[in-house]
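Only one structure is covered here, and it is reproduced in the block below.
Note that the structure is predicted; figures quoted are calculated from it, not measured. Letters A, B, ... are given to chains in the order of the sequence lines, protein chains preceding strands, and every chain is numbered from 1.
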Amino acid sequence: MTTVQAAPVLPTPDPRDPEDRLQRFFDAGSMQQLAARDASGVLAARGTVDGSPVVAFCTDATVMGGAMGVDGCRHIVDAIDTALRERVPSVGIWHSGGARLAEGVTALHAVGEVFAAMVRASGRIPQISIVLGAAAGGAAYGPALTDLVIMGPAGRVFVTGPDVVRSVTGEVVDQEQLGGPDTHGRRSGVVHVVTDSEPAALETGRMAVDLLAAQGAFAPAENEEDVDLSALLPEQKQRAYDVKPLIANLLDGSGLEMHPRFAPNVVTTLGRLAGRTVGVVANNPIRLGGCLDSASAEKAARFVRMCDAFGVPLVVLVDVPGYLPGVGQEWDGVVRRGAKLLHAFAEAVVPRVTLVTRKSFGGAYIAMNARSLGATAVFAWPGAEVAVMGAKAAVGILHRKKLAAVPPGERETLHAQLAEEHERIAGGVNRALQIGVVDEVVEPSQTKRRLVAALAAAPPGRGAHGNIPL
Amino acid sequence: MAVEEIHAEMVSSVWKVLVQPGAPVAAGDTLVILESMKMEIPVLTEHAGVVQEMHVVEGEVLQEGDLIATVTNA
(Lines give C-alpha, C1' and ligand atoms only; values in the text may rest on other atoms or scores of the structure.)
Protein backbone atom coordinates (compact mmCIF):
# COMPACT_ATOMS: atom_id res chain seq x y z
CA MET A 1 0.00 0.00 0.00
CA THR A 2 1.37 3.36 -0.95
CA THR A 3 0.87 6.40 1.15
CA VAL A 4 -0.09 9.59 -0.53
CA GLN A 5 1.38 12.67 0.96
CA ALA A 6 -0.89 15.62 1.49
CA ALA A 7 -0.29 18.33 -1.06
CA PRO A 8 1.70 21.23 0.38
CA VAL A 9 -0.39 24.24 1.27
CA LEU A 10 -0.10 26.79 -1.50
CA PRO A 11 1.28 30.14 -0.45
CA THR A 12 -1.20 32.05 -2.61
CA PRO A 13 -4.91 31.20 -2.83
CA ASP A 14 -6.23 29.50 -5.95
CA PRO A 15 -7.41 32.32 -8.27
CA ARG A 16 -10.61 30.32 -8.76
CA ASP A 17 -11.35 30.30 -5.04
CA PRO A 18 -14.99 31.43 -4.64
CA GLU A 19 -14.40 33.12 -1.31
CA ASP A 20 -11.60 35.15 -2.86
CA ARG A 21 -13.72 36.04 -5.90
CA LEU A 22 -16.65 37.15 -3.74
CA GLN A 23 -14.32 39.16 -1.51
CA ARG A 24 -13.01 40.97 -4.58
CA PHE A 25 -16.56 41.66 -5.74
CA PHE A 26 -18.03 43.10 -2.52
CA ASP A 27 -16.99 46.28 -0.74
CA ALA A 28 -13.99 45.49 1.44
CA GLY A 29 -14.97 43.94 4.75
CA SER A 30 -18.69 43.72 3.92
CA MET A 31 -18.99 40.03 3.06
CA GLN A 32 -20.94 37.63 5.26
CA GLN A 33 -21.42 34.05 4.09
CA LEU A 34 -25.02 32.87 3.94
CA ALA A 35 -23.93 29.35 4.85
CA ALA A 36 -20.65 27.76 5.93
CA ARG A 37 -18.35 26.71 3.13
CA ASP A 38 -18.82 23.07 2.16
CA ALA A 39 -18.14 20.64 -0.68
CA SER A 40 -21.32 21.62 -2.55
CA GLY A 41 -19.44 23.60 -5.20
CA VAL A 42 -21.22 26.88 -4.42
CA LEU A 43 -20.57 29.65 -1.93
CA ALA A 44 -23.21 32.33 -1.30
CA ALA A 45 -22.87 35.52 0.68
CA ARG A 46 -24.36 38.89 1.33
CA GLY A 47 -22.41 42.13 1.29
CA THR A 48 -22.49 45.61 -0.16
CA VAL A 49 -21.47 47.26 -3.44
CA ASP A 50 -20.76 50.97 -3.06
CA GLY A 51 -22.89 50.72 0.05
CA SER A 52 -25.91 49.01 -1.59
CA PRO A 53 -26.81 45.62 -0.11
CA VAL A 54 -26.42 42.71 -2.53
CA VAL A 55 -26.62 38.93 -2.38
CA ALA A 56 -24.09 37.03 -4.48
CA PHE A 57 -23.17 33.43 -5.12
CA CYS A 58 -20.10 31.97 -6.77
CA THR A 59 -19.63 28.48 -8.14
CA ASP A 60 -16.55 26.80 -6.70
CA ALA A 61 -14.33 25.84 -9.62
CA THR A 62 -11.86 24.22 -7.21
CA VAL A 63 -14.40 21.45 -6.48
CA MET A 64 -15.11 19.19 -9.48
CA GLY A 65 -14.72 22.14 -11.85
CA GLY A 66 -17.63 23.89 -10.20
CA ALA A 67 -20.11 21.23 -11.29
CA MET A 68 -23.60 21.80 -9.88
CA GLY A 69 -25.18 19.19 -7.63
CA VAL A 70 -28.19 19.15 -5.35
CA ASP A 71 -26.46 20.91 -2.44
CA GLY A 72 -24.83 23.61 -4.57
CA CYS A 73 -28.08 24.34 -6.36
CA ARG A 74 -29.87 24.65 -3.02
CA HIS A 75 -27.35 27.34 -2.02
CA ILE A 76 -28.06 29.24 -5.25
CA VAL A 77 -31.84 29.00 -4.84
CA ASP A 78 -31.50 30.19 -1.22
CA ALA A 79 -29.35 33.12 -2.34
CA ILE A 80 -31.84 34.19 -5.03
CA ASP A 81 -34.84 33.78 -2.72
CA THR A 82 -33.05 35.79 -0.03
CA ALA A 83 -32.30 38.58 -2.49
CA LEU A 84 -35.92 38.52 -3.66
CA ARG A 85 -37.27 38.66 -0.10
CA GLU A 86 -35.02 41.59 0.71
CA ARG A 87 -35.51 43.27 -2.69
CA VAL A 88 -31.80 43.55 -3.37
CA PRO A 89 -29.85 42.59 -6.51
CA SER A 90 -28.70 39.01 -6.97
CA VAL A 91 -25.29 38.47 -8.55
CA GLY A 92 -23.97 35.15 -9.84
CA ILE A 93 -20.27 34.58 -10.44
CA TRP A 94 -19.95 31.61 -12.74
CA HIS A 95 -17.23 29.05 -13.35
CA SER A 96 -18.90 25.69 -13.69
CA GLY A 97 -18.83 22.64 -15.94
CA GLY A 98 -22.57 22.10 -15.59
CA ALA A 99 -24.62 19.51 -13.70
CA ARG A 100 -22.81 16.84 -11.62
CA LEU A 101 -22.84 13.74 -13.77
CA ALA A 102 -22.54 11.38 -10.81
CA GLU A 103 -25.77 12.70 -9.29
CA GLY A 104 -27.67 11.95 -12.46
CA VAL A 105 -31.16 13.28 -12.98
CA THR A 106 -31.27 14.52 -9.36
CA ALA A 107 -28.69 17.12 -10.35
CA LEU A 108 -30.71 18.08 -13.44
CA HIS A 109 -33.76 18.54 -11.25
CA ALA A 110 -31.77 20.78 -8.91
CA VAL A 111 -30.40 22.86 -11.79
CA GLY A 112 -33.97 23.26 -13.04
CA GLU A 113 -34.92 24.62 -9.61
CA VAL A 114 -32.19 27.24 -9.96
CA PHE A 115 -33.74 28.31 -13.26
CA ALA A 116 -37.19 28.48 -11.67
CA ALA A 117 -35.84 30.67 -8.85
CA MET A 118 -34.29 33.03 -11.40
CA VAL A 119 -37.57 33.32 -13.26
CA ARG A 120 -39.44 33.96 -9.97
CA ALA A 121 -37.09 36.86 -9.35
CA SER A 122 -37.10 38.08 -12.96
CA GLY A 123 -38.07 41.72 -13.33
CA ARG A 124 -38.47 42.08 -9.56
CA ILE A 125 -34.81 42.36 -8.56
CA PRO A 126 -31.84 43.00 -10.85
CA GLN A 127 -29.99 39.76 -11.61
CA ILE A 128 -26.45 40.09 -12.88
CA SER A 129 -24.13 37.32 -14.03
CA ILE A 130 -20.36 37.50 -14.22
CA VAL A 131 -18.86 34.63 -16.19
CA LEU A 132 -15.21 34.13 -15.31
CA GLY A 133 -14.59 30.60 -16.55
CA ALA A 134 -16.51 27.92 -18.37
CA ALA A 135 -20.25 27.97 -17.81
CA ALA A 136 -21.31 24.88 -19.67
CA GLY A 137 -24.53 22.91 -20.08
CA GLY A 138 -26.90 23.75 -17.23
CA ALA A 139 -24.54 26.45 -16.06
CA ALA A 140 -24.91 28.22 -19.42
CA TYR A 141 -28.59 28.86 -18.92
CA GLY A 142 -28.06 30.29 -15.43
CA PRO A 143 -26.43 33.47 -16.74
CA ALA A 144 -28.67 33.47 -19.82
CA LEU A 145 -31.81 33.82 -17.69
CA THR A 146 -30.53 36.93 -15.92
CA ASP A 147 -30.81 40.59 -16.88
CA LEU A 148 -27.17 41.26 -17.58
CA VAL A 149 -24.30 38.96 -18.53
CA ILE A 150 -20.70 40.13 -18.13
CA MET A 151 -17.83 37.97 -19.37
CA GLY A 152 -14.12 38.04 -18.52
CA PRO A 153 -11.46 36.88 -20.98
CA ALA A 154 -11.55 33.27 -19.73
CA GLY A 155 -15.36 33.09 -19.85
CA ARG A 156 -16.86 30.35 -22.05
CA VAL A 157 -20.57 29.70 -22.39
CA PHE A 158 -21.95 26.79 -24.38
CA VAL A 159 -24.59 24.10 -24.14
CA THR A 160 -22.37 21.31 -25.42
CA GLY A 161 -18.57 21.43 -25.44
CA PRO A 162 -16.17 21.00 -28.36
CA ASP A 163 -15.88 17.21 -27.88
CA VAL A 164 -19.61 16.61 -28.17
CA VAL A 165 -19.87 19.02 -31.09
CA ARG A 166 -17.09 17.16 -32.89
CA SER A 167 -18.56 13.72 -32.30
CA VAL A 168 -22.09 14.70 -33.33
CA THR A 169 -21.64 17.17 -36.16
CA GLY A 170 -18.00 16.69 -37.09
CA GLU A 171 -17.32 20.40 -36.58
CA VAL A 172 -13.87 21.08 -35.16
CA VAL A 173 -13.94 24.07 -32.86
CA ASP A 174 -12.21 25.10 -29.65
CA GLN A 175 -13.89 26.34 -26.48
CA GLU A 176 -13.12 29.97 -27.19
CA GLN A 177 -14.50 29.94 -30.72
CA LEU A 178 -17.54 28.01 -29.57
CA GLY A 179 -18.46 30.20 -26.62
CA GLY A 180 -15.81 32.80 -25.82
CA PRO A 181 -16.09 36.57 -25.46
CA ASP A 182 -15.92 37.35 -29.17
CA THR A 183 -18.56 34.75 -30.05
CA HIS A 184 -21.04 35.90 -27.43
CA GLY A 185 -20.19 39.60 -27.44
CA ARG A 186 -20.41 40.01 -31.20
CA ARG A 187 -22.22 37.11 -32.85
CA SER A 188 -24.78 35.60 -30.49
CA GLY A 189 -25.60 38.49 -28.15
CA VAL A 190 -25.61 36.12 -25.15
CA VAL A 191 -23.15 38.41 -23.37
CA HIS A 192 -23.88 42.09 -22.75
CA VAL A 193 -20.43 43.27 -21.72
CA VAL A 194 -17.02 41.74 -22.46
CA THR A 195 -14.06 42.83 -20.36
CA ASP A 196 -10.33 42.36 -20.84
CA SER A 197 -9.57 41.05 -17.36
CA GLU A 198 -11.22 39.26 -14.44
CA PRO A 199 -10.92 42.31 -12.15
CA ALA A 200 -12.56 44.43 -14.86
CA ALA A 201 -15.43 41.91 -15.11
CA LEU A 202 -16.02 42.13 -11.34
CA GLU A 203 -15.76 45.92 -11.49
CA THR A 204 -18.30 46.05 -14.33
CA GLY A 205 -20.64 43.91 -12.23
CA ARG A 206 -20.26 46.42 -9.39
CA MET A 207 -21.01 49.28 -11.77
CA ALA A 208 -24.18 47.55 -12.97
CA VAL A 209 -25.32 46.95 -9.38
CA ASP A 210 -24.71 50.59 -8.52
CA LEU A 211 -26.63 51.84 -11.57
CA LEU A 212 -29.63 49.61 -10.87
CA ALA A 213 -29.70 49.53 -7.05
CA ALA A 214 -28.77 53.16 -6.30
CA GLN A 215 -30.56 54.96 -9.11
CA GLY A 216 -30.50 58.40 -7.49
CA ALA A 217 -32.73 61.35 -8.34
CA PHE A 218 -32.63 64.00 -11.04
CA ALA A 219 -30.67 66.94 -9.70
CA PRO A 220 -29.82 69.23 -12.61
CA ALA A 221 -26.75 71.34 -11.98
CA GLU A 222 -27.89 74.94 -11.42
CA ASN A 223 -25.32 76.75 -13.46
CA GLU A 224 -24.43 74.11 -15.99
CA GLU A 225 -23.14 75.55 -19.26
CA ASP A 226 -25.24 74.80 -22.32
CA VAL A 227 -23.51 72.55 -24.80
CA ASP A 228 -24.51 72.60 -28.46
CA LEU A 229 -24.93 68.86 -28.95
CA SER A 230 -25.71 69.28 -32.65
CA ALA A 231 -22.04 70.21 -33.17
CA LEU A 232 -21.35 66.48 -32.72
CA LEU A 233 -23.27 65.71 -35.93
CA PRO A 234 -21.84 66.27 -39.41
CA GLU A 235 -22.96 69.36 -41.29
CA GLN A 236 -24.18 67.39 -44.30
CA LYS A 237 -27.59 65.97 -43.51
CA GLN A 238 -27.05 62.78 -45.44
CA ARG A 239 -23.68 61.95 -43.86
CA ALA A 240 -23.63 59.11 -41.33
CA TYR A 241 -21.86 59.55 -37.98
CA ASP A 242 -21.16 57.76 -34.73
CA VAL A 243 -23.85 58.55 -32.14
CA LYS A 244 -21.70 57.53 -29.15
CA PRO A 245 -20.06 60.95 -28.61
CA LEU A 246 -23.56 62.44 -28.46
CA ILE A 247 -24.54 59.97 -25.73
CA ALA A 248 -21.27 60.57 -23.88
CA ASN A 249 -21.89 64.32 -23.86
CA LEU A 250 -25.45 63.91 -22.70
CA LEU A 251 -24.69 61.59 -19.78
CA ASP A 252 -22.85 62.63 -16.62
CA GLY A 253 -19.96 60.24 -17.08
CA SER A 254 -19.23 57.26 -19.23
CA GLY A 255 -22.15 54.88 -19.02
CA LEU A 256 -22.27 51.11 -19.30
CA GLU A 257 -23.00 50.13 -22.89
CA MET A 258 -24.80 46.83 -23.37
CA HIS A 259 -23.98 44.75 -26.44
CA PRO A 260 -21.52 47.27 -27.95
CA ARG A 261 -20.50 44.87 -30.71
CA PHE A 262 -23.75 42.98 -31.19
CA ALA A 263 -26.35 44.70 -33.43
CA PRO A 264 -24.30 47.93 -33.18
CA ASN A 265 -26.77 49.91 -35.31
CA VAL A 266 -28.68 50.47 -32.08
CA VAL A 267 -26.81 51.65 -28.99
CA THR A 268 -28.20 50.68 -25.56
CA THR A 269 -26.45 52.31 -22.62
CA LEU A 270 -27.16 52.54 -18.90
CA GLY A 271 -25.78 55.71 -17.40
CA ARG A 272 -26.55 58.69 -15.24
CA LEU A 273 -28.27 61.82 -16.50
CA ALA A 274 -28.18 64.76 -14.06
CA GLY A 275 -27.46 62.28 -11.30
CA ARG A 276 -30.16 59.69 -12.01
CA THR A 277 -29.81 56.34 -13.73
CA VAL A 278 -31.40 56.31 -17.19
CA GLY A 279 -31.35 53.96 -20.14
CA VAL A 280 -30.41 55.42 -23.51
CA VAL A 281 -31.62 53.81 -26.74
CA ALA A 282 -30.10 55.41 -29.84
CA ASN A 283 -29.88 54.66 -33.53
CA ASN A 284 -26.27 54.65 -34.68
CA PRO A 285 -26.05 55.94 -38.28
CA ILE A 286 -22.41 54.87 -38.73
CA ARG A 287 -23.55 51.23 -38.57
CA LEU A 288 -26.02 50.07 -41.24
CA GLY A 289 -26.90 53.73 -41.76
CA GLY A 290 -28.72 53.57 -38.43
CA CYS A 291 -31.44 51.33 -39.88
CA LEU A 292 -33.37 49.15 -37.50
CA ASP A 293 -33.13 45.46 -38.32
CA SER A 294 -34.28 42.26 -36.66
CA ALA A 295 -31.30 41.88 -34.30
CA SER A 296 -31.18 45.52 -33.21
CA ALA A 297 -34.94 45.70 -32.63
CA GLU A 298 -34.75 42.65 -30.40
CA LYS A 299 -31.70 43.98 -28.57
CA ALA A 300 -33.42 47.30 -27.92
CA ALA A 301 -36.66 45.58 -26.89
CA ARG A 302 -34.90 43.56 -24.22
CA PHE A 303 -33.12 46.66 -22.94
CA VAL A 304 -36.35 48.67 -22.80
CA ARG A 305 -38.10 45.89 -20.88
CA MET A 306 -35.21 45.60 -18.42
CA CYS A 307 -35.27 49.36 -17.77
CA ASP A 308 -39.04 49.30 -17.37
CA ALA A 309 -38.90 46.37 -14.95
CA PHE A 310 -36.48 48.23 -12.68
CA GLY A 311 -38.02 51.70 -12.99
CA VAL A 312 -35.22 53.19 -15.06
CA PRO A 313 -36.44 56.14 -17.22
CA LEU A 314 -35.59 56.03 -20.93
CA VAL A 315 -34.03 58.53 -23.29
CA VAL A 316 -34.57 57.63 -26.95
CA LEU A 317 -32.32 59.34 -29.51
CA VAL A 318 -33.74 58.94 -32.98
CA ASP A 319 -32.02 59.28 -36.33
CA VAL A 320 -33.40 56.43 -38.36
CA PRO A 321 -33.88 56.05 -42.12
CA GLY A 322 -36.23 53.08 -41.65
CA TYR A 323 -36.15 49.34 -41.31
CA LEU A 324 -33.38 47.64 -43.27
CA PRO A 325 -34.95 46.24 -46.44
CA GLY A 326 -34.04 42.84 -47.81
CA VAL A 327 -34.87 39.18 -48.23
CA GLY A 328 -32.43 38.30 -45.46
CA GLN A 329 -34.25 40.53 -43.01
CA GLU A 330 -37.69 39.18 -43.83
CA TRP A 331 -36.49 35.59 -43.55
CA ASP A 332 -34.72 36.51 -40.33
CA GLY A 333 -38.07 37.44 -38.83
CA VAL A 334 -37.80 41.21 -38.86
CA VAL A 335 -41.58 41.38 -38.51
CA ARG A 336 -41.70 39.08 -35.47
CA ARG A 337 -38.56 40.52 -33.87
CA GLY A 338 -39.39 44.12 -34.74
CA ALA A 339 -42.78 43.63 -33.09
CA LYS A 340 -40.95 43.06 -29.80
CA LEU A 341 -39.71 46.63 -29.81
CA LEU A 342 -43.22 47.98 -30.45
CA HIS A 343 -44.47 45.79 -27.62
CA ALA A 344 -41.69 46.82 -25.25
CA PHE A 345 -42.18 50.55 -25.70
CA ALA A 346 -45.97 50.47 -25.71
CA GLU A 347 -45.95 48.41 -22.51
CA ALA A 348 -43.38 50.57 -20.66
CA VAL A 349 -44.63 52.72 -17.79
CA VAL A 350 -41.34 54.41 -16.93
CA PRO A 351 -40.92 58.03 -18.07
CA ARG A 352 -39.60 57.86 -21.63
CA VAL A 353 -38.68 60.83 -23.73
CA THR A 354 -37.84 60.78 -27.42
CA LEU A 355 -35.57 63.22 -29.25
CA VAL A 356 -35.51 63.20 -33.06
CA THR A 357 -32.14 64.68 -34.00
CA ARG A 358 -32.31 64.49 -37.80
CA LYS A 359 -34.90 62.14 -39.18
CA SER A 360 -37.40 59.49 -38.27
CA PHE A 361 -38.98 57.58 -41.12
CA GLY A 362 -41.57 54.91 -41.69
CA GLY A 363 -42.18 51.93 -39.44
CA ALA A 364 -38.97 52.70 -37.59
CA TYR A 365 -40.44 56.08 -36.64
CA ILE A 366 -43.16 54.31 -34.69
CA ALA A 367 -40.80 51.73 -33.19
CA MET A 368 -38.49 54.38 -31.73
CA ASN A 369 -40.88 55.38 -28.93
CA ALA A 370 -43.27 57.51 -30.96
CA ARG A 371 -46.10 59.50 -29.40
CA SER A 372 -48.53 56.81 -30.53
CA LEU A 373 -46.72 54.23 -28.37
CA GLY A 374 -47.13 56.46 -25.33
CA ALA A 375 -43.95 58.52 -25.21
CA THR A 376 -43.87 60.91 -22.24
CA ALA A 377 -42.63 63.67 -24.54
CA VAL A 378 -41.31 63.85 -28.10
CA PHE A 379 -38.78 66.55 -28.92
CA ALA A 380 -37.12 67.33 -32.22
CA TRP A 381 -34.18 69.46 -33.21
CA PRO A 382 -34.80 72.25 -35.73
CA GLY A 383 -34.89 70.89 -39.27
CA ALA A 384 -35.64 67.34 -38.19
CA GLU A 385 -37.77 65.31 -40.57
CA VAL A 386 -40.57 63.08 -39.36
CA ALA A 387 -42.24 61.29 -42.23
CA VAL A 388 -43.12 58.07 -43.95
CA MET A 389 -39.95 58.55 -45.97
CA GLY A 390 -37.65 61.38 -47.03
CA ALA A 391 -39.46 64.11 -48.96
CA LYS A 392 -37.39 63.63 -52.12
CA ALA A 393 -38.05 59.92 -52.20
CA ALA A 394 -41.73 60.44 -51.47
CA VAL A 395 -42.37 62.87 -54.33
CA GLY A 396 -40.34 60.62 -56.65
CA ILE A 397 -43.12 58.08 -56.12
CA LEU A 398 -46.10 60.41 -55.72
CA HIS A 399 -45.24 62.52 -58.77
CA ARG A 400 -43.54 59.94 -60.94
CA LYS A 401 -45.60 60.82 -64.04
CA LYS A 402 -45.30 64.57 -63.54
CA LEU A 403 -41.53 64.29 -63.20
CA ALA A 404 -41.25 62.06 -66.26
CA ALA A 405 -43.23 64.56 -68.34
CA VAL A 406 -40.81 67.47 -67.98
CA PRO A 407 -37.56 67.75 -69.98
CA PRO A 408 -34.60 66.10 -68.19
CA GLY A 409 -32.91 69.48 -67.71
CA GLU A 410 -35.78 70.79 -65.61
CA ARG A 411 -36.47 67.58 -63.73
CA GLU A 412 -34.11 68.23 -60.82
CA THR A 413 -35.53 71.71 -60.18
CA LEU A 414 -39.10 70.42 -60.22
CA HIS A 415 -38.16 67.51 -57.99
CA ALA A 416 -36.66 69.86 -55.40
CA GLN A 417 -39.67 72.17 -55.59
CA LEU A 418 -42.13 69.31 -55.15
CA ALA A 419 -40.08 67.94 -52.27
CA GLU A 420 -40.21 71.28 -50.52
CA GLU A 421 -43.98 71.48 -50.95
CA HIS A 422 -44.38 67.91 -49.77
CA GLU A 423 -42.25 68.52 -46.71
CA ARG A 424 -44.39 71.48 -45.82
CA ILE A 425 -47.58 69.49 -46.14
CA ALA A 426 -46.63 66.01 -45.01
CA GLY A 427 -43.09 65.50 -43.87
CA GLY A 428 -41.45 68.38 -42.05
CA VAL A 429 -41.36 68.80 -38.34
CA ASN A 430 -44.04 71.51 -38.54
CA ARG A 431 -46.67 69.05 -39.66
CA ALA A 432 -45.63 66.70 -36.87
CA LEU A 433 -46.03 69.56 -34.38
CA GLN A 434 -49.47 70.45 -35.77
CA ILE A 435 -50.87 66.99 -35.28
CA GLY A 436 -49.19 66.61 -31.92
CA VAL A 437 -46.80 63.75 -32.59
CA VAL A 438 -43.87 66.06 -31.79
CA ASP A 439 -44.42 68.22 -28.72
CA GLU A 440 -41.76 70.79 -29.25
CA VAL A 441 -38.74 71.79 -31.28
CA VAL A 442 -35.86 72.25 -28.85
CA GLU A 443 -32.58 74.00 -29.48
CA PRO A 444 -29.67 71.54 -29.38
CA SER A 445 -28.01 73.61 -26.67
CA GLN A 446 -31.11 73.23 -24.48
CA THR A 447 -31.49 69.51 -25.08
CA LYS A 448 -30.05 68.18 -21.86
CA ARG A 449 -32.02 70.45 -19.57
CA ARG A 450 -35.26 69.82 -21.49
CA LEU A 451 -34.81 66.04 -21.42
CA VAL A 452 -34.11 66.11 -17.68
CA ALA A 453 -37.07 68.40 -16.98
CA ALA A 454 -39.47 66.21 -18.96
CA LEU A 455 -38.28 62.98 -17.33
CA ALA A 456 -38.28 64.48 -13.85
CA ALA A 457 -41.79 65.91 -14.25
CA ALA A 458 -43.33 62.58 -15.32
CA PRO A 459 -44.75 60.31 -12.64
CA PRO A 460 -42.24 57.56 -11.87
CA GLY A 461 -43.33 54.08 -12.82
CA ARG A 462 -42.12 50.54 -12.83
CA GLY A 463 -43.42 47.83 -15.12
CA ALA A 464 -44.98 44.82 -13.42
CA HIS A 465 -43.51 42.12 -15.62
CA GLY A 466 -40.63 39.71 -15.79
CA ASN A 467 -37.65 40.21 -18.03
CA ILE A 468 -37.68 37.27 -20.40
CA PRO A 469 -34.34 37.15 -22.26
CA LEU A 470 -35.76 38.19 -25.65
CA MET B 1 1.02 41.07 -37.39
CA ALA B 2 -2.68 40.75 -37.92
CA VAL B 3 -4.64 41.49 -41.04
CA GLU B 4 -7.96 43.21 -40.51
CA GLU B 5 -10.56 42.50 -43.18
CA ILE B 6 -13.19 45.16 -43.66
CA HIS B 7 -16.47 44.00 -45.15
CA ALA B 8 -19.61 45.77 -46.31
CA GLU B 9 -22.38 45.58 -43.69
CA MET B 10 -25.19 46.16 -46.16
CA VAL B 11 -26.09 46.43 -49.82
CA SER B 12 -24.60 49.74 -50.97
CA SER B 13 -22.64 51.45 -53.67
CA VAL B 14 -19.12 52.79 -53.32
CA TRP B 15 -19.34 56.57 -53.47
CA LYS B 16 -15.77 57.55 -52.66
CA VAL B 17 -12.53 55.68 -52.11
CA LEU B 18 -10.38 57.77 -49.78
CA VAL B 19 -7.23 55.70 -49.30
CA GLN B 20 -4.87 53.74 -51.51
CA PRO B 21 -2.82 50.61 -50.77
CA GLY B 22 0.27 51.46 -48.74
CA ALA B 23 -1.35 54.36 -46.92
CA PRO B 24 -0.88 54.42 -43.14
CA VAL B 25 -4.17 54.68 -41.22
CA ALA B 26 -5.08 55.43 -37.61
CA ALA B 27 -7.93 53.70 -35.78
CA GLY B 28 -11.19 55.32 -36.86
CA ASP B 29 -9.90 56.65 -40.18
CA THR B 30 -12.33 56.59 -43.09
CA LEU B 31 -11.39 54.16 -45.87
CA VAL B 32 -14.35 54.58 -48.21
CA ILE B 33 -17.74 56.24 -48.15
CA LEU B 34 -20.64 54.04 -49.17
CA GLU B 35 -24.04 55.15 -50.32
CA SER B 36 -27.12 53.33 -49.08
CA MET B 37 -30.56 54.25 -47.72
CA LYS B 38 -29.97 57.69 -49.33
CA MET B 39 -27.13 58.24 -46.88
CA GLU B 40 -23.38 58.57 -47.11
CA ILE B 41 -21.94 56.04 -44.73
CA PRO B 42 -18.21 56.25 -43.92
CA VAL B 43 -16.45 52.90 -43.39
CA LEU B 44 -13.83 53.18 -40.67
CA THR B 45 -10.82 51.16 -39.58
CA GLU B 46 -10.94 49.56 -36.15
CA HIS B 47 -7.17 49.51 -35.61
CA ALA B 48 -4.18 51.51 -36.77
CA GLY B 49 -2.09 49.98 -39.56
CA VAL B 50 -1.26 50.14 -43.23
CA VAL B 51 -3.76 49.61 -46.05
CA GLN B 52 -2.73 46.38 -47.74
CA GLU B 53 -5.29 46.18 -50.50
CA MET B 54 -8.44 47.97 -51.64
CA HIS B 55 -10.94 45.56 -53.17
CA VAL B 56 -13.49 48.08 -54.43
CA VAL B 57 -13.68 50.94 -56.94
CA GLU B 58 -15.96 53.96 -56.97
CA GLY B 59 -19.41 53.22 -58.36
CA GLU B 60 -19.24 49.52 -57.60
CA VAL B 61 -22.34 47.95 -56.04
CA LEU B 62 -21.59 45.86 -52.95
CA GLN B 63 -23.56 43.07 -51.36
CA GLU B 64 -23.63 42.45 -47.62
CA GLY B 65 -20.37 40.81 -46.60
CA ASP B 66 -18.31 41.86 -49.66
CA LEU B 67 -14.66 42.56 -48.87
CA ILE B 68 -13.81 46.27 -49.04
CA ALA B 69 -10.24 46.44 -47.83
CA THR B 70 -7.53 44.66 -45.92
CA VAL B 71 -5.46 46.56 -43.38
CA THR B 72 -2.26 45.20 -41.86
CA ASN B 73 -2.13 46.02 -38.17
CA ALA B 74 1.31 46.76 -36.84
Side-chain angles (χ1 to χ4, degrees), chain A residues 182 186 233-245 260-266 283-296 319-329 331-332 334 358-362 364 385 387 389-397 415 419 427, chain B residues 1-20 23-49 51-52 54-74:
Chain A
D182 187 62
R186 194 166 54 86
L233 271 55
E235 278 177 29
Q236 311 96 306
K237 258 177 119 171
Q238 69 279 20
R239 178 65 56 87
Y241 60 94
D242 187 1
V243 79
K244 288 183 194 177
R261 290 170 65 82
F262 173 72
N265 39 324
V266 154
N283 307 113
N284 197 3
I286 197 82
R287 305 303 295 269
L288 288 183
C291 285
L292 280 181
D293 63 352
S294 53
S296 61
D319 187 351
V320 66
Y323 267 97
L324 184 68
V327 176
Q329 281 298 308
W331 289 9
D332 203 29
V334 67
R358 286 207 306 200
K359 63 186 176 304
S360 189
F361 292 158
E385 279 187 86
M389 61 177 81
K392 268 199 111 171
V395 296
I397 297 168
H415 199 152
Chain B
M1 208 160 59
V3 177
E4 182 187 359
E5 287 191 353
I6 291 148
H7 298 266
E9 287 190 330
M10 62 197 299
V11 177
S12 50
S13 66
V14 181
W15 182 49
K16 282 198 170 123
V17 175
L18 301 180
V19 293
Q20 299 307 323
V25 286
D29 275 1
T30 305
L31 298 177
V32 300
I33 302 177
L34 304 180
E35 208 174 2
S36 188
M37 298 296 289
K38 302 187 170 52
M39 290 175 67
E40 299 158 6
I41 305 170
V43 175
L44 317 179
T45 52
E46 274 198 42
H47 308 285
V51 178
Q52 194 179 57
M54 296 300 294
H55 297 267
V56 297
V57 294
E58 289 179 7
E60 187 177 341
V61 174
L62 305 181
Q63 297 300 314
E64 182 187 335
D66 282 0
L67 186 60
I68 293 174
T70 45
V71 176
T72 312
N73 304 128

_Closest heavy-atom pair and its distance - A:Gly289, B:Met10_ = N-SD, 4.0 Å

Output the donor-acceptor atom pairs between chain B and chain A under 3.5 Å, with atom names and distances to 0.1 Å.
from, atom 1, to, atom 2, distance (Å)
B:Glu9, OE1, A:Arg287, NE, 3.4
B:Glu9, OE1, A:Leu288, N, 3.1
B:Glu9, OE2, A:Arg287, NE, 2.8
B:Glu9, OE2, A:Arg287, NH2, 2.4
B:Glu40, N, A:Gln238, O, 2.7
B:Glu40, O, A:Ala240, N, 2.7
B:Glu40, OE1, A:Arg239, NE, 3.0
B:Glu40, OE1, A:Arg239, NH2, 3.2
B:Glu40, OE2, A:Gln238, NE2, 3.1
B:Glu46, OE1, A:Arg261, NH1, 3.4

*Of the backbone (N, CA, C, O) and the side chain (C-beta and beyond), which part of A:Pro234 lies under 4.5 Å from a heavy atom of chain B, both, or neither?*
neither

*Give the minimum heavy-atom separation between A:Ile286 and B:Ile41, together with the two atoms involved.*
O-CG2, 3.7 Å

*Say you draw a straight line from CE of B:Met37 to CG of A:Leu324; how long is it, rounded to the nearest 0.5 Å?*
6.5 Å

*Contact class of B:Ile33 relative to chain A, heavy atoms under 4.5 angstrom*: side chain

